[in-house]
Amino acid sequence: MIGEKMIAQVIVDVAAKQTDRIFEYNIPTALTDVTVGSRVVVPFGRRKVQGFVVGITDKTEYKGKLKDLLVVVDEMPPLTPELVELSAILAKKIFSYRITILQTMLPRVMKANYRKILTPIDKATAQLDLFSGEPIDLDEVTDLKKIVQIKKLIKTNKAKIEYLVENKAKKKEEFVYQPNLGAHVYPEIKTSLRKNAINQLALITDLIDNIASYPKTGKELQEQLHLNSAILKQAVEKGWLKRTKKETYRDPLAEVDTKNVPKDIVLNKDQENALNEINKAITAKKAQPFLLEGVTGSGKTEVYLHAIQKALASKRNALMLVPEISLTPQMVEQVKARFGSSVAVLHSGLSTGERYDEWRRIRRGEAQVVVGARSAVFAPLQNIGLIIIDEEHESSYKQEDNPRYHARDVALLRSKYHNCPVVLGSATPSLASRARAQKGNYQLLRLTQRANKKALPEVKLVDLKHVEFAGGQFDLSVELVDKIKEKIAKKEQVILLLNRRGFANFMLCRSCGYVMQCPNCDISLTMHKDTGMMECHYCGHKEPIPRKCPKCGETKIRFLGTGTQKVEEELKELIPASKILRMDVDTTRRKGSYKKILDQFGEGKADILLGTQMIAKGLDFPNVTLVGVINADTSLQVPDYNASEKTFDLLTQVSGRAGRADKKGEVMIQTYNPEHYAIQLAQNQDYESFYQKEMVVRHQGNYPPFFYTILISIASKNEQAAAKFAFVVKRKLMEQLHAPTIILGPTPSSIAKIKNQYFYQILVKYKKEDKLIPILHELQDEAQKIKKQGLNVYIDNEPERII
Ligand code: ADP
Ligand code: ZN
């Protein structure tokens with residue numbers, strides 16, 4: 001470093017308007033190893049807080065004396081200069097505080113833990129019962145008497161508050177054992193041992209025979225010689241072995257099965273063409289976005305894997321995003337089989353420890369390929385030569401809470417920084433991406449046939465208005481049930497989709513008409529028969545299933561509507577011999593349960609896999625010859641502008657699960673709307689026609705991709721206050737924005753109350769609007785002030801949902 005006084009520019013860990021700027025600190029000589037991206041602890045007012053160094057300079061405008069940095073937290077700065085720069089760009093774009101984005105970039109365990117500690121100042125105070133010799137954690141004191149006592153001690157200067165910053169992230173360590181004596185000594189020891197000291201003999205014999213294989217870990221000694229820790233401890237005490245600690249990684253892929261993955265596939269012409277274009281961009285270091293549009297089963301994965309190979313061969317790294325990785329273990333297996341230990345994974349299915357370890361491997365440059373879900377787009381991977389986003393149309397790539405970023409946008413920013421291509425892959429690209437390809441902003445690559453030349457499955461629509469239902473319920477048509485029976489008789493497998501979990505959507509009293517609602521949300525409670533509870537799917541509220549109407553006390557209550565639990569029960573009744581696996585949020589809460597269910601199904605231990613949309617994507621089971629959609633209308637009825645697109649995507653994706661290998665596939669879609677274009681075009685798996693048709697609809701409705709959209713939501717426990725402020729915002733927008741910008745609302749959201757808050761929203765649709773962004777930044781500032789009055793303002797740039 002040059003210059004006399006070096007100054008660190010720090011973003012502090014306080015998410016507020018007033019602190020959303022750079023603070024400067026003097027770098028003391030002891031801490032000159034601090035760099036851009038370091039995590040530091042700094043004095044901030046009376047407190048100590050954590051922060052991130054975003055710049056180092058020798059100039060300051062500040063006239064007073066700068067305070068010193070206190071601590072540099074990590075040996076290696078957790079953030080790269082690229083990510084630091086990215087946080088600034090992104091904060092502006094998505095109306096978030098920069099610190100919030102910096103935090104999002106790190107594994108959650110690295111978030112600082114702040115503790116308020118009360119320490120006695122004099123001896124007499126230290127001896128009070130309150131302390132019992134130790135400082136106390138103020139956040140744990142709840143007793144009112146104690147609180148009064150503490151206040152008094154602080155006032156009279158007998159005790160002081162200290163603020164501690166703690167880090168929760170723990171490295172995993174294990175013991176490693178090595179010989180502590182010369183090799184010639186061990187035979188002597190052996191002769192001195194008693195014959196019945198079996199364990200000691202085993203250890204000494206191993207030290208004599210295999211001394212070169214040491215050091216060994218405790219785990220290895222346990223596995224090889226069945227030595228427990230007590231015996232090893234003894235051996236250390238006797239001076240035979242030396243014990244040290246070694247840092248290890250928790251490996252989430254340790255159990256991934258990679259033996260069944262085909263490794264040598266010859267690409268077909270379409271794949272070859274697509275790969276060539278991508279490879280060219282990798283070699284030329286060009287930040288080119290590609291849209292890889294390929295029907296289900298067209299072998300997009302194979303193109304990804306070859307492109308990753310190319311990036312690695314060019315001495316560059318690759319980042320691959322998948323929608324929710326725990327749903328697609330099959331994808332991880334393939335990547336792992338191909339690239340072995342150079343792969344790191346990041347997703348919500350990992351334990352916090354595993355996630356932290358994988359993240360550190362990436363940060364240290366020990367992983368060359370990263371596969372992960374949404375937040376993996378922030379992986380601290382350097383020297384990126386390729387970014388892939390599989391199933392790019394998936395709405396899970398957009399984070400619904402603050403910071404509301406879209407992984408695709410972040411990927412495009414990173415590709416510009418690294419000068420590398422981005423490949424967006426899908427059988428049903430988002431309209432936005434497909435339109436960009438139309439305009440030439442993305443290069444369109446198409447795979448038009450299934451890779452193994454198998455025909456796409458035959459899709460039949462079943463019109464629920466004119467069918468005979470099997471059993472006493474209105475869920476399964478006789479036609480679908482017969483088809484399922486036929487497949488099971490042939491020892492083939494069936495996937496059934498019903499995008500609704502639980503048993504029944506609502507409870508209705510036939511006597512008084514009462515419907516059981518969530519007390520916190522404007523939505524009816526779903527009946528869950530297995531847990532005996534009525535549950536709210538928005539806030540998690542639960543109460544026991546009533547036996548009589550809570551309002552009128554009559555017993556004439558009915559549970560209406562359907563869900564996966566109910567259909568499972570019906571199937572068991574209609575086809576008693578069938579073995580069914582159910583996969584929905586309720587059966588997959590435990591870590592590893594997705595994989596377990598999918599493995600069982602893959603091993604043929606069940607005939608039917610019944611589930612919500614989590615079974616629609618990416619699964620490749622050769623023995624599945626029938627896909628049934630129990631109700632295609634669930635997503636169509638959602639009152640959102642993109643309901644048709646979501647429905648088309650879901651039906652096309654799930655249909656693609658049928659007949660992927662030698663046996664021909666069939667699909668049956670049950671619907672009350674067989675004439676709807678989204679359903680008809682999904683029947684033909686005709687994405688291009690759907691795209692053309694839907695673009696016309698969007699154009700007429702002034703919706704994306706013809707307009708950009710920003711959704712402003714105002715929420716409050718007080719409905720009037722929310723509505724009133726929403727109108728204030730609307731007036732301000734009206735004053736400053738002009739046609740062709742369209743301002744809709746304020747209207748109550750379609751679920752007007754969630755978690756006891758009333759939501760009012762305004763939708764701004766615009767093409768080019770210079771004034772909008774500054775106004776919204778003003779609104780963001782104001783939001784901070786009115787938060788104290790119980791008003792919450794959310795600004796969502798390009799929302800996935802507008803309901
Ligand atoms: P997509 O992701 O496009 O739905 P996949 O990548 O899952 O399709 O490929 C579907 C199947 O086709 C897989 O079983 C894969 O191994 C196989 N496959 C891919 N490319 C080829 C090829 N060139 N020749 C033969 N089989 C292929
Ligand atoms: Zn609720």
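Remember, it's 1-based here, ligands and their atoms both numbered in the order they're listed.
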Legend entry - Candidate with minimal heavy-atom separation from atom 17 (C) of ligand 1, of S426, A427, A451: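 Nearest option to atom 17 (C) of ligand 1, by heavy atoms: A451.
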
Inset, instruction - Decide, counting backbone as well as side-chain atoms, whether H537 has an N, O or S atom less than 2.8 Å from the Zn ion (ligand 2). - result: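 Checking the Zn ion (ligand 2) against H537, no N, O or S atom falls under 2.8 Å.
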
Inset, instruction - Answer yes or no: does an N/O atom from T296 fall short of 3.5 Å to an N/O atom of ligand 1? - result: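 It does not: no N or O of T296 is found under 3.5 Å from an N or O of ligand 1.
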
Legend entry - Any N/O pair G297/ligand 1 closer than 3.5 Å: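 For ligand 1, there is an N or O atom that lies under 3.5 Å from one belonging to G297.
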
Legend entry - Presence of salt bridge, K753 and E719, under 4.0 angstrom: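 Salt bridge: no.
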
Legend entry - Test applied, salt bridge (Lys or Arg N to Asp or Glu O under 4.0 Å); reference residue, E666; option that passes from K490, R657, K487, K460: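 Option passing the salt bridge (Lys or Arg N to Asp or Glu O under 4.0 Å) with E666: K487.
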
Legend entry - Within-shell test, G294 vs ligand 1, heavy atom, strictly < 4.0 Å: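 It does not, in that no heavy atom of G294 comes within the 4.0 Å cut-off of ligand 1.
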
Give the contacting part of [X] toward ligand 1: side chain, backbone, both or neither, where contact means a heavy-atom distance below 4.0 Å.
X    : answer
D620 : side chain
I265 : side chain
R660 : side chain

Inset, instruction - Identify which one of R436, E392, E394, H393 satisfies the side chain to side chain donor-acceptor pair (under 3.5 Å) criterion when paired with S430. - result: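 Result for side chain to side chain donor-acceptor pair (under 3.5 Å) with S430: E392.
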
List every atom of ligand 1 that sits less than 4.0 Å from any heavy atom of [X], numbering the atoms from 1 in the order shown and giving each element.
X    : value
T301 : 2 (O), 5 (P), 6 (O), 7 (O)
G299 : 1 (P), 3 (O), 5 (P), 6 (O), 8 (O), 9 (O), 19 (C)
S298 : 1 (P), 3 (O), 8 (O)
L267 : 23 (N)

Legend entry - N/O donor-acceptor pair under 3.5 Å between N642 side chain and E800 backbone: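 Such a contact is found between N642 side chain and E800 backbone.
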
Legend entry - Any donor-acceptor N or O pair under 3.5 Å, side chains Y677, S644: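 The answer is yes; a qualifying pair exists.
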
Legend entry - Q637, CD atom: more than 12 neighbouring heavy atoms under 6.0 Å: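 Count over threshold, so yes.
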
Legend entry - Three-point angle C521:SG, the Zn ion (ligand 2), C536:SG, rounded to the nearest 10°: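 Between SG of C521 and SG of C536, at the Zn ion (ligand 2), the angle is about 110°.
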
Inset, instruction - Please find out if less than 6.0 Å separates the ring center of F559 from that of F503. - result: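 Ring-ring flag for F559/F503: false, centres at least 6.0 Å apart.
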
Inset, instruction - Could you give me the CA-CA distance, side-chain angles and deciding distance for R660 and D620, then say whether salt bridge (charged side-chain N to carboxylate O under 4.0 Å, His left out) is met? - result: CA-CA 7 Å; R660 290 173 72 89; D620 192 357; 2.9 Å; yes

